[in-house]
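Naming: A, B, ... by sequence-line order, numbering from 1 per chain. Remember, it's a predicted structure, so these values are computed and weren't measured experimentally. Computed over heavy atoms, backbone and side chain alike; hydrogens, waters and symmetry mates excluded.
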Amino acid sequence: MTAVTYELIKKDSKSRARRGRVNTPHGSIETPVFMPVGTAATVKAMRPDEVKEMGAQIILSNTYHLYLRPGHDIVKAAGGLHKFMNWDRAILTDSGGFQVFSLGDLRKITEEGVTFRSHIDGSKHMLSPEKSMEVQNALGSDIIMAFDECAPYPADRNYVKNSLERTTRWLARCKEAHKNTEMQSLFGIMQGGMYKDLRYQSAMEIVEMDLPGYAIGGLSVGEPKDIMYEVLDYSADYLPEDKPRYLMGVGSPDYLFEGVERGIDMFDCVLPTRIARNGTAMTSHGRVIIKNAAHERDFSPLDPECDCYTCKNYSRAYLRHLFKSNEILSSMLLTNHNLHFLINMMKNIRQSIEEDRFLEYKREFYNKYGKF
RNA sequence: GUGGGUGUAGUCAAGCGGUUAAGACACAGGGUUGUGGCUCCUGCACUCGUGGGUUCGAAUCCCAUCACCCACC
């Protein structure tokens with residue numbers, strides 16, 4: 001019996017969208033789901049009870065960041081990540097593979113793993129499949145991710161092929177090194193860049209390892225939208241139907257709809273929380289850049305159709321004032337809204353699949369949202 | 001009234017005879033997608049209180065004038 005299991009509840013008849021459930025030791029997750037990101041054991045600007053209250057079923061945290069600070073030994077001594085950060089629902093931790101790719105100036109990739117310098121104090125470290133599993137086992141997250149290499153875009157075929165094959169070998173090592181299978185489940189990650197045959201190869205290799213879930217990595221790394229949709233189109237199909245499919249790093253409304261339509265169950269992204277801190281809100285009528293002078297005397301809510309705490313209690317003029325004054329409350333209120341917005345949107349998506357009208361809901365949403 | 005000082009963008013200012021007048025903040029737009037981010041990018045003075053003069057050339061030197069500040073009567 002694995003820690004994490006998936007049940008398929010309903011399939012949309014006019015698309016590949018599906019309604020499902022992921023069961024974890026810390027509760028079930030109704031899918032498709034958007035998972036807020038809390039890299040350093042906190043969803044920035046939010047208290048856990050607020051995140052819970054807005055309906056988040058699972059959040060992300062990060063191996064690389066927690067390993068460097070405060071150190072996984074400390075989190076373990078605290079009683080595990082759930083207890084440490086006071087979050088009793090499910091947690092998924094990313095392996096750190098993406099970090100050494102995105103922030104390693106002095107990184108070196110070998111078959112053994114990746115050596116890199118800490119962005120905090122410059123100290124030298126090595127992250128490998130075994131080390132990543134050790135750290136994630138210490139953290140105690142419900143879903144742990146394989147230590148992979150996320151190839152950049154663009155990357156030539158040869159590089160991507162070598163990289164994907166190494167990622168597969170690393171996955172085998174992750175599976176071997178993962179100790180706490182009773183309480184934590186390992187998800188594999190497909191790579192392969194923008195090459196169809198390589199995506200297929202990667203999928204076949206990782207699916208053979210029979211894991212509780214699979215992710216599509218290496219997308220949303222700067223490629224044009226149409227290419228991303230095209231790759232996603234066939235990539236999702238290469239993954240088994242009886243396991244959850246997780247598209248990593250995707251979080252704008254259109255990407256979420258397109259992902260769901262192609263059969264994706266799980267998404268995570270820093271976008272809603274990051275742009276909130278930088279003054280942008282996602283609303284049912286499109287993006288609102290709150291610092292714009294147009295909102296100086298606008299005393300209406302951010303999104304009149306939203307029933308989040310922010311929209312029920314504050315005006316755009318006030319939110320603009322907070323942002324321009326650099327007030328902490330600005331980050332809090334905007335983050336609260338953006339997360340609420342996406343979580344609510346996913347809830348509506350789930351309902352539309354149940355009622356077999358996903359594409360209608362999508363059309364409705366797009367018409368109102370305008371340009372992405 | 002006398003003596004001294006200062007006047008450069010919305011603000012604080014650099015520049016002190018020689019290409020299209022630093023920079024910061026503010027302001028105005030934009031970005032952000034497995035979080036090195038209360039962040040990054042772009043724009044924003046045909047003009048240096050005003051009027052004359054010297055000079056090939058003036059924000060920079062001279063004269064006058066106005067405004068403000070300080071000191072002394």
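A/Asp242 and A/Tyr6 form no side-chain donor-acceptor contact under 3.5 Å, judged by distance and modelled atom types alone. A side-chain donor-acceptor contact under 3.5 Å links A/His178 and A/Asn137. Under 3.5 Å, the side chains of A/His285 and A/Glu305 contain a donor-acceptor pair of N or O atoms. Defined by atom type and a distance below 3.5 Å, a donor-acceptor pair is missing between the side-chain atoms of A/Asp88 and A/His82. A side-chain N or O of A/His125 and one of A/Ser123 form a donor-acceptor pair less than 3.5 Å apart. Side chain to side chain, A/Tyr314 and A/Tyr309 meet the donor-acceptor criterion of an N or O pair below 3.5 Å.
Ring geometry, A/Phe341 versus A/Tyr369: the interplanar angle falls from 30° to 60°, so the pair is classed tilted. Classification of the A/Tyr238-A/Tyr200 ring pair by plane angle, with boundaries at 30° and 60°, yields perpendicular. Relative ring orientation between A/Tyr67 and A/His72 is described as tilted, the plane-to-plane angle lying within the 30° to 60° band. Using bins of under 30°, 30° to 60° and over 60° for the plane-to-plane angle, the ring pair A/Phe116/A/Tyr64 lands in the tilted bin.
Separating the C1' atom of B/C16 from that of B/A22 is a span of 14 Å, rounded to the nearest Å. Taking atom C1' on both B/A21 and B/A58, the two are 13 Å apart, rounded to the nearest angstrom. Separation of the C1' atoms belonging to B/U20 and B/C48 is 15 Å when rounded to the nearest angstrom. One P atom belongs to B/A13, the other to B/U6, and the distance between them is 13 Å to the nearest Å. Rounded to a whole angstrom, the distance from the C1' atom of B/G15 to that of B/A9 is 15 Å. Spacing between B/U19 and B/A24 at atom C1', rounded to whole Å, works out to 25 Å. Spacing of P atoms, B/U39 relative to B/G51, comes out at 43 Å, to the nearest Å. Nucleotides B/A14 and B/U60, compared at atom C1', are 13 Å apart to the nearest Å.
For B/U35, one of the phosphate oxygens OP1 or OP2 lies less than 4.0 angstrom from a side-chain nitrogen or oxygen of A/Gln99. Remark: A/Arg287 is in phosphate contact with B/U32, judged by side-chain N or O atoms under 4.0 Å from OP1 or OP2. At B/U35, none of the side-chain N or O atoms of A/Arg274 fall inside 4.0 Å of OP1 or OP2 (strictly under the cut-off).
Considering only the side chain of A/Asp94, B/G34 comes nearest among B/G36, B/C38, B/G34.
Atom CG of A/Asp121 and atom C1' of B/G36 are 13 Å apart (whole Å). Taking atom CG of residue A/Leu127 and atom C1' of nucleotide B/G34, one finds them 14 Å apart after rounding to whole Å. Rounded to whole Å, atom C1' of B/U35 lies 10 Å from atom NE2 of A/His119. If you measure from atom CZ of A/Phe98 to atom C1' of B/G34, you get 6 Å, rounded to the nearest angstrom. Computed from coordinates, the A/His321 NE2 to B/A26 C1' distance equals 16 Å when rounded to whole Å. In this entry the distance linking CG of A/Asn326 with C1' of B/U39 reads 11 Å, nearest Å. Nucleotide B/U35 holds its C1' atom 11 Å from the CG atom of A/Asn278, rounded to whole Å. Atom CD1 in A/Ile275 sits roughly 19 Å away from atom P in B/C41 (whole-Å rounding).
Ion pairing between a basic and an acidic side chain is recognised when a charged N comes within 4.0 Å of a carboxylate O; A/Glu149 and A/Arg166 show such pairing. Using a 4.0 Å cut-off between charged nitrogen and carboxylate oxygen, A/Asp356 and A/Lys14 count as a salt-bridge pair. Under the 4.0 Å criterion applied to side-chain N and carboxylate O atoms, A/Lys225 and A/Glu230 are not assigned as salt-bridge partners.
The stretch residues 251-272 of chain A comes close to RNA chain B through A/Gly251, A/Ser252, A/Tyr255, A/Asp268, A/Cys269, A/Val270, A/Leu271, each having a heavy atom under 4.0 Å from the strand. Contacts of residues 192-230 of chain A with RNA chain B (heavy atom under 4.0 Å): A/Gly218, A/Ser220. Proximity of residues 42-67 of chain A to RNA chain B (heavy atom under 4.0 angstrom from any strand atom) is restricted to A/Lys44, A/Leu60, A/Asn62, A/His65.
Applying the salt bridge (charged side-chain N to carboxylate O under 4.0 Å, His left out) rule to A/Glu50 yields no partners; only residues at least two apart in sequence or on another chain are considered.
A donor and an acceptor atom sit less than 3.5 Å apart, one in the side chain of A/Thr273 and one in the base of B/U35.
Residue A/Ser330 is classed as having no contact, given no heavy-atom separation below 4.0 Å to the nucleic acid.
Here the CZ atom belonging to A/Arg21 is positioned 4.0 Å from the CD atom belonging to A/Glu30, to the nearest 0.5 angstrom. The distance from atom NZ of A/Lys11 to atom CD1 of A/Ile353, rounded to the nearest 0.5 Å, is 12.5 Å.
Aromatic rings of A/Tyr255 and A/Phe372 (six-membered ring for Trp) have centroids beyond the 6.0 Å cut-off, not under it.
Residue whose closest nucleotide on RNA chain B sits further toward the 5' end, between A/Ile120 and A/Val250: A/Val250.
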Look for any protein N or O under 3.5 Å of an N or O in nucleotides 27-29 of chain B and output each such pair with its distance, or none.
| from | atom 1 | to | atom 2 | distance (Å) |
| --- | --- | --- | --- | --- |
| B/A28 | OP1 | A/Arg320 | NH2 | 2.7 |
| B/A28 | OP2 | A/Lys324 | NZ | 2.3 |
| B/G29 | OP1 | A/Ala293 | N | 3.1 |

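If you chain together hydrophobic residues whose side chains sit under 4.5 Å apart, A/Val37 and A/Tyr246 fall into the same group.
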Given Watson-Crick and G-U pairs under 3.5 Å, RNA chain B in dot-bracket ([ ] crossing, | other strand) is ((((((((.[[[..)..(....]]].(((((.......))))).....[[[[[..)....]]]]]))))))).

